[in-house]
Each structure stands twice: as structure tokens, then as C-alpha cells.
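Notes for the one structure printed next.
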Amino acid sequence: MTLRAEGVRAALDGTEVLHGVDCQVPDGGWLAVIGPNGAGKSTLLRALAGLLPLAAGRIALDGEDPARMRRRERARRLAYVPQAPVMPAELTVEEYVLLGRTPYLGPLAAPGASDRAAAGEAMERLRLTGLTRRRLTTLSGGERQRAALARALAQRPRLLLLDEPTSALDVGHQQQVLGLVDELRADGGPAVVSTLHDLTTAGQYADRLVLMAAGEVAAEGPAEKVLTEQLIHRVYGARVEVARDSTGRPVVIPVRAP
Ligand SMILES: Nc1ncnc2c1ncn2[C@@H]1O[C@H](COP(=O)(O)OP(=O)(O)OP(=O)(O)O)[C@@H](O)[C@H]1O
């Protein structure tokens, strides 16, 4: 699966928010969308998911515009996990994760053995097996976030669009979830586009970064090129030092003004 967006312009309630954004993700790639609050990251993700009409430009998923796909067809190709997914309160974790199989079910058909297996595998990968019968309302924020991701994985998409997938997770679960996503995509699983606020994390998991500012792309490329003190200062107005971890990847350290 390859994703290509060119010259994407989009408005929300009449206000243009994306002013001509280009980005692409090759088969098996991971693109992290970073940028300050309000830069347009979530809006770009929704556009890539085919959920937002474009004022100009084009988005192609293996050559096809996701906005023109039938819902069911789109849900077989891509899974989109918004920052705050709507979760029907009365459902158990297992019932909710099984909803990820809906695009594969015939009309009125109940999930079959292969659907249960896909949902079971996704719950296992996200370490939710002890929670399968719990109602969604009883979950902690982080457990809910993992349930949303499990539902997306049960969909077996070719493209995974994740809006701040680890915002509610502690550092251990962050590494576990991002490591899992990375394993899946390296293993012939979905290509990934994720927004991430944590710049170090973005650079450690994604192979390319797109830095957005005020609805435009301010920089694009591998972490070493995008995560520089000058760029981060210019775009975020933040003082940072960029160090290297033992593998040579950039580590962004916010520093207090003297
Ligand atoms: N309905 C709307 N009408 C006009 N402007 C909107 C509307 N919804 C959002 N916006 C604006 O669009 C811009 C982009 O919002 P978006 O949610 O894509 O930003 P973001 O980069 O994901 O931000 P954050 O990091 O805070 O989540 C923001 O300035 C926001 O205020």
C-alpha cells in the first residue's frame, strides 16, 4: 500500500486549515506528523482517512481516492483511530474489538470463527486478554486507548492512521504499543501515519517525519533532518537541545531559559 497526498487544501466550517500539504508513505513505511497545537495534524489525518472533503489537491491510496471509496471498502483498506474515539458505553471490550470485523461481514451476519480469531489476536497483542468481558465505561484512559487500537488492528487494514495513539499511556505501555505497531508493519502489516506530540518518540519509531506549522509543511524527512534545535525553535518557539541516544537517534530535551 502506498499513500500519496499532493497539494491538499481543506477547510473546517469555512476556514481553510490545510493550505496545500504534500506527503507520502511507501509500502511498509511509518510517517509521523508533528507540529504545534493547531498546526493541522488531526485535520490532515482525517483528510488522509477520506473523511474530509478537499478544497483542492488529491489523496491516493494505491492510486484510489479514499473519499470516493464505499465505507466498507475503505474500512478494509484503512483504519483510523481518532484522538477521542466514540465508544458505545454498553459494549464489552471484546464486543467493541469485534466491531473492527464489520467491514468483512455480510449484511446481518454474525462474526464467525475467523473474525473472533482476528479480534482475539488483536486483544492479545495489546495485552487486553484479562479485560475482554469488561464494559468500556469501566476502563482506564490508557486501557480504552489500547482497546481502540485493538479494534483498528482487528480490521486488518493496509494503512493505519493513528491520532496521538499513546497520549494516555504510561512510558512502558507507550513503548509496548509503538513497538507492536512497528513489528506489525515490518512484518508485512499496515503502513502507518501517526500524529505524535513527543518529538523524541516520533523520531525513534517513524522512518520519516513531516513537521507542520499553520496548515503547511515546514519540514519533511528523516528524524536527523527534521529534529534540529533551530527548526524546533522556529516552529514551536521552544528552547531545546538535541542529543543522541546510544543508537544515534535524536533525543529532544526541552531546556529552561536562563
Ligand atoms: N470547526 C472549525 N472551524 C474553524 N477552525 C477549526 C475548526 N476545527 C478546528 N479548527 C482549527 O483548525 C486548526 C487545526 O486543527 P487540528 O485539530 O487539525 O490541529 P492539531 O495540529 O491536530 O492540533 P493539536 O496538537 O492541538 O491536537 C486549529 O487552528 C483549529 O482551531
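One-based numbering, in listed order, for ligands and for the atoms of each. When reading the values below, keep in mind they use all heavy atoms of this one structure, side chains included, and skip hydrogens, waters and symmetry mates.
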Relative to the heavy atoms of [X], which atoms of ligand 1 are at a distance of less than 4.0 Å?
X    : result
D13  : 1 (N), 2 (C), 3 (N)
N37  : 23 (O), 24 (P), 25 (O), 26 (O)
P36  : 21 (O)
H197 : 25 (O)
T43  : 14 (C), 15 (O), 16 (P), 18 (O)
Q83  : 27 (O)

Checklist line | G38-ligand 1 polar pair, N/O distance under 3.5 Å | finding: yes
Check: Is there any N or O on K41 that sits under 3.5 Å from an N or O of ligand 1?
Finding: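 There is such a contact, yes.
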Check: Do the charged groups of R185 and D207 touch, with an N to O distance under 4.0 Å?
Finding: yes
Note to self: Under 4.0 Å, counting heavy atoms only: does G215 come that close to any atom of ligand 1?
What the structure shows: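 In this structure, G215 fails to qualify as a contact of ligand 1 - no heavy atom is under 4.0 Å.
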Margin query: Can you confirm whether some protein heavy atom lies under 4.0 Å from atom 16 (P) of ligand 1, or whether none does?
Written below: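 At least one protein heavy atom is under 4.0 Å away.
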Note to self: Determine whether any protein heavy atom is located less than 4.0 Å from atom 7 (C) of ligand 1.
What the structure shows: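 Protein heavy atoms within 4.0 Å of atom 7 (C) of ligand 1 - there is at least one.
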Check: Among protein heavy atoms, which lies nearest atom 3 (N) of ligand 1, and at what distance?
Finding: L12 O, 3.2 Å
Note to self: My understanding is that only one of L31, D27, I59 makes a side-chain contact (heavy atoms from CB on, under 4.5 Å) with L3; could you say which?
What the structure shows: I59
